[in-house]
Each structure stands twice: as C-alpha cells, then as structure tokens.
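Heads up: the structure comes next, in structure tokens.
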Amino acid sequence: MQIIRIIVITAITFSACMAQNYLDILRYSSRNTLSNARALGMGNSVLTTGNDLSGLSYNPATLGLVKDTQFGLGLNFNSVNTKTTFFGNTFSEDKTKNNFSQLGFVAPIPTVRGSMVFGFSYERVADFTKSISFDGFNTSNTSMIKTLAYANDDLAYKLGLSFPVKENDVYKYDDTKINGNLNQNGKIDEKGYLDKVSAAFAVEMQKNLFVGITMNLYYGEYTQDRFYVESDTKDVYDENLLLDDSDERTKDFQRFEMTDRITQDVSGYGFTLGILYKMNNGLRFAGSIKSPDFFEIEERYGVIGKSIFKDDIFETTWLYSSNTYNVRTPFEFSFGTSYTRSGFSLSGNVTIINYKQMKFTDGFSSADEKEKNTVIDNSFRTVANLNFGAEYKMPNLPVSLRMGFIVNKSPYKNDASKYDKKYITAGIGYELSPQLTLDAAYLYGWWDDLGDNYGSNVSRTFQEVEKSNFSLNLGLRL
C-alpha cells in the first residue's frame, strides 16, 4: 500500500490556508449505494431491469420499457458505525441520518409504434455522515506541533509553541523544542450530502432496442469539524524548559488544542447514455456511459488554537481562508445482463472506472494544478465494481422478494481487499393495489479505512467501518 493511500487530514492546516488534495475529488467521484428500494434490494444491479425511477440513475434506456405513468417517493434511514484503533486503544462512534431519498415521475408518450418515455426526479446520491474519535500516547518524536512548526505555520508561533531561527538577524525558519512523547486525542465529524435533479428521455429505436439519455444537475454541501489535542501527560516538558527562550510564559508546557472546520458548497452537472436490448427468451443486455461530472467547489477553512502552560494560556482568534476551484470526475462504463423466467430474475452489472481520470481543472496556478494532478495519476488505478441481484415474484401473491451483493473496489493503487467496500442487500415489494406499490430494502456494508493526523504512519488511525441503510419507497401507477 503506497504512502498516498494515507488520508493526510492535516494537509490543509498549514499557514491556515487550504491545500486541496485528491480527497476533494474522490469524495464526489466515489461510487455510492443510495438508490430506490427496489434497486437497492437487488444490489443496484438494475442496468437491464430498472424500468422505474432507478432508470434515471443507472440506465435511462430501461425507461423505454415503462407502459404506465409512474410516480415515486422514497425515504432513507442511514447509520454508520466506525471503530477506530489508535496506539492500541479502540473507540467507537455511531452516526445516523434520515432523509427523503427520491421524488419523481416517469411518463410514456403515446406513439404509433415502439415507445417514447420521459422522466424527472430528485434524488439524494451521497451521504457523507461519519465520525471517528481517538486517544492514545505517541512514543515517537513526532507531533502536530512539530509538523506545524516545521511548516512555518503561524498557528504554532502565535501559541508560543515555536520560535523563529535567525542568522545575522535574518529570519530563516521556525523551530520548536517539542519533540514528541505526547498523548494525542481528538474527534472528527463529517456531514453533508450530494443531491441530483435529473431529466431523462428514452425511445425504442427498433423492436426491442432501446436508447436513453439522462441529464443531471448536482448540488450539495460538505462539512468536516475536527477537535485535536496534544498533552504532556508524562511531564516531559517540565517547568525547567522554556519553549521560547525569549518568553517566560512558555515554561512547563501542558496542552495544545486545535479546532478547525472545512465547509464546501458544491454544484455540478453531467449526463448518462444508455442502451438496452431485450430478447424474446428472457435475456437482456445493456450498457451505459456516465460522463465525467464537472463540479465547482466553494471551500472555506477556519482554524483556532489554544496552548496551556503552567501559569499562562495562549489563544488565537479564528483564522479564515477560502478558495473556489473546479474538478472533473472519471468516466464510468457499465455493462449488464439479466435473465427472467417464471417470475424469477437474475441480474449482474460490472462498472469500469479509471480513477486516474480525476482532475483539478481550475482555481490554481498551472504549476500547482499540474502537481495535484500528477499525484492523482501516480496514486490511483482502474477498478471493476460488481453488482449482483435476484428477484422472485411469488405466484398468486402480490409479493416480490429480492437480494443482492455489491463490491466497490478501492480506487488506490495496491490496496488490499479489506479496503474494498462490500455490501449485502435484501428487499421486498408488496402491491397494495394494482396501482400502488410499497418497496422496502435493507443494506449492510463493511470495509477498513485509515487516516493520518499528520505525516506518514506516525499518528495513524485504523478504522473498521460498518454501514447500514433502510430504504422505503411508495410507487403509484396510473
């Protein structure tokens, strides 16, 4: 596993200015699982069978199979549990979020031959809710204080934790007497969402051959709040040591606190093309191309710090900075097939994504943009994500049973399989009447993750993530 796999959380703290990195693109490029209940129950393997609102997201060509006007309303209930191990100590955090997940309609247009269908929907496509906490003693000679000081960060200087080094009265760099052996603890809370408004059109080009297109407009927001602490719990830096020889207040260091916040407002657009061929023997074949999504990100960053000594306390006011920049996500190429007979359907999809195609496209100097994109090119890989599903319509009963399995591969080079996101799903559909349908689905997912508070593998959190989602949809046919 290469160093770039590390989530360098502190990359944006130096000098209280932002250094956007690959995580800002990956957040909006990653394959998500939120969907309507019927699709989710089948592991989102609906590239050939999504003849409802799910067609707007996965393959608009399947809308060509719709014969009646459909309306849909969906709810999602999400839960994320993260168990974090830090220097031998384990902590657990749970986060839940409930929201509307989908609202829209699909309507056929009368034709003399074949079919023509259009649709419109609102959908929540991503939920960024997550939280981790950690606490442990770091015996190494590294620290956040040292990292900030060596970056000539004003925060460390303002808190009496670093001092300027001069040569012939000319400033050279900042240094610190803090040399590790500190207790480190903190908490990171993430929240936010990405919503999509879509309009789709599908047509039967010739008998059993359907094509479609979906236009997508995105909007959303993301917030990360972090509280981070380093404490001299073993009195390594006692009252005989001044962190700054010119300031008597900096003796007997006890504690450093840092609170920072990142907020992002996101907007973007993209489109999906799809094709479907339906054979008379129950076989179907389909493909779709999801174009890159183009996002504009308005980002704001704020940081505040506090240092506690035996007799004095240093504090800063909030330091703010902001930036607006553009990113481009990768193409996604999906291929799927299904077979239906006697009320039983089996389906499978594979989606090819080359994460090297993620790019920063505007908002930076040409040299900075090139450096960021070179990191992406050297750090990511092409993956093949898998979706499998099954549906059984019970004879003589208005009930459909569903199950599915999803594998979203880690986009990082040389990652072990434990970093792949695996999900199992189950669902049920019930026809309340010939016009009204209620669908429910449950998803359970698990994978490993990691993060660095600073540097590379010197203050690392190891995370075991479990995600569950309950989805409920009400459908009306006219």
Side-chain angles (χ1 to χ4, degrees), residues 35-42 44-74 101-123 125 196-216 271-280 282-290 334 336-340 343 345 347 349 387 389 391 393 398 400 402 427 429-439 441 471 473-478:
S35 183
N36 71 8
R38 177 176 176 268
L40 189 64
M42 298 177 64
N44 292 333
S45 62
V46 291
L47 206 66
T48 59
T49 60
N51 53 323
D52 56 17
L53 285 176
S54 65
L56 280 83
S57 293
Y58 294 97
N59 183 4
T62 61
L63 298 179
L65 301 171
V66 173
K67 302 302 181 184
D68 303 306
T69 299
Q70 300 180 14
F71 294 89
L73 173 67
S101 59
Q102 192 175 58
L103 177 65
F105 70 91
V106 177
I109 301 172
T111 59
V112 176
R113 185 186 308 172
S115 69
M116 187 179 296
V117 182
F118 72 95
F120 181 86
S121 74
Y122 152 82
E123 185 177 2
V125 295
K196 177 178 68 173
V197 176
S198 302
F201 178 78
V203 63
E204 188 174 9
M205 296 289 293
Q206 62 183 52
K207 186 174 177 58
N208 294 331
L209 179 64
F210 304 85
V211 296
I213 183 171
T214 302
M215 301 299 298
N216 302 310
F271 66 90
T272 302
L273 296 172
I275 187 169
L276 168 69
Y277 182 66
K278 182 180 70 170
M279 300 180 68
N280 293 326
L283 277 171
R284 295 180 183 180
F285 300 93
S288 70
I289 300 174
K290 182 178 178 296
S334 299
T337 186
S338 65
Y339 179 70
T340 302
S345 297
S347 58
N349 304 340
N387 300 75
E391 181 179 43
K393 295 183 178 180
S400 297
R402 305 171 184 122
Y430 185 78
E431 293 184 5
L432 301 171
S433 72
Q435 291 78 35
L436 198 61
T437 303
L438 183 65
D439 293 293
S471 185
N473 277 82
L474 188 65
L476 175 66
R477 289 183 174 89
L478 300 178

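Since we're looking at a predicted model, the values are computed, not measured. Numbering of residues begins at 1 and proceeds along the displayed sequence.
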Ignoring hydrogens, what is the shortest heavy-atom contact between [X] and [Y]? Give both atom names and the distance.
| X | Y | result |
| --- | --- | --- |
| Pro108 | Val66 | CB-O, 4.0 Å |
| Gly114 | Glu204 | CA-OE1, 3.1 Å |
| Pro60 | Ala200 | CB-CB, 4.4 Å |
| Asp439 | Gly429 | OD1-CA, 3.2 Å |

Rounded to the nearest 0.5 Å, how far does [atom2] of [Y] lie from [atom1] of [X]?
| X | Y | atom1 | atom2 | answer |
| --- | --- | --- | --- | --- |
| Leu474 | Leu432 | CG | CG | 7.0 Å |
| Thr48 | Tyr277 | OG1 | OH | 14.5 Å |
| Ile275 | Phe285 | CD1 | CZ | 12.5 Å |
| Asp52 | Arg477 | CG | CZ | 8.0 Å |
| Ile213 | Ile289 | CD1 | CD1 | 11.0 Å |
| Asn36 | Leu73 | CG | CG | 11.5 Å |

Atom OH of Tyr122: over 12 foreign heavy atoms under 6.0 Å: yes
Assess whether atom NZ of Lys207 is packed by more than 12 heavy atoms of other residues, nucleotides or ligands within 6.0 Å. no
Is any side-chain heavy atom of [Y] closer than 4.5 Å to one of [X]?
| X | Y | answer |
| --- | --- | --- |
| Lys196 | Leu56 | no |
| Asn44 | Asn349 | no |
| Leu478 | Gln435 | no |
| Thr111 | Val203 | no |
| Thr272 | Asn216 | yes |
| Tyr430 | Pro398 | yes |

So, [X] side chain and [Y] main chain: donor-acceptor pair closer than 3.5 Å or not?
| X | Y | result |
| --- | --- | --- |
| Asn59 | Ser288 | no |
| Thr337 | Arg284 | yes |
| Ser115 | Gly64 | yes |

Consider only side-chain N and O atoms of [X] and [Y], and report whether a donor and an acceptor are under 3.5 Å apart.
| X | Y | value |
| --- | --- | --- |
| Ser45 | Ser347 | yes |
| Thr340 | Ser345 | yes |
| Thr62 | Asn51 | no |
| Ser54 | Arg38 | no |

Identify which one of Glu123, Gln102, Gln70 satisfies the side-chain contact (heavy atoms from CB on, under 4.5 Å) criterion when paired with Leu53. Gln102
According to the interplanar angle, ranging from 0 to 90°, do the rings of Phe105 and Phe71 count as parallel (below 30°), tilted (30 to 60°) or perpendicular (above 60°)? tilted
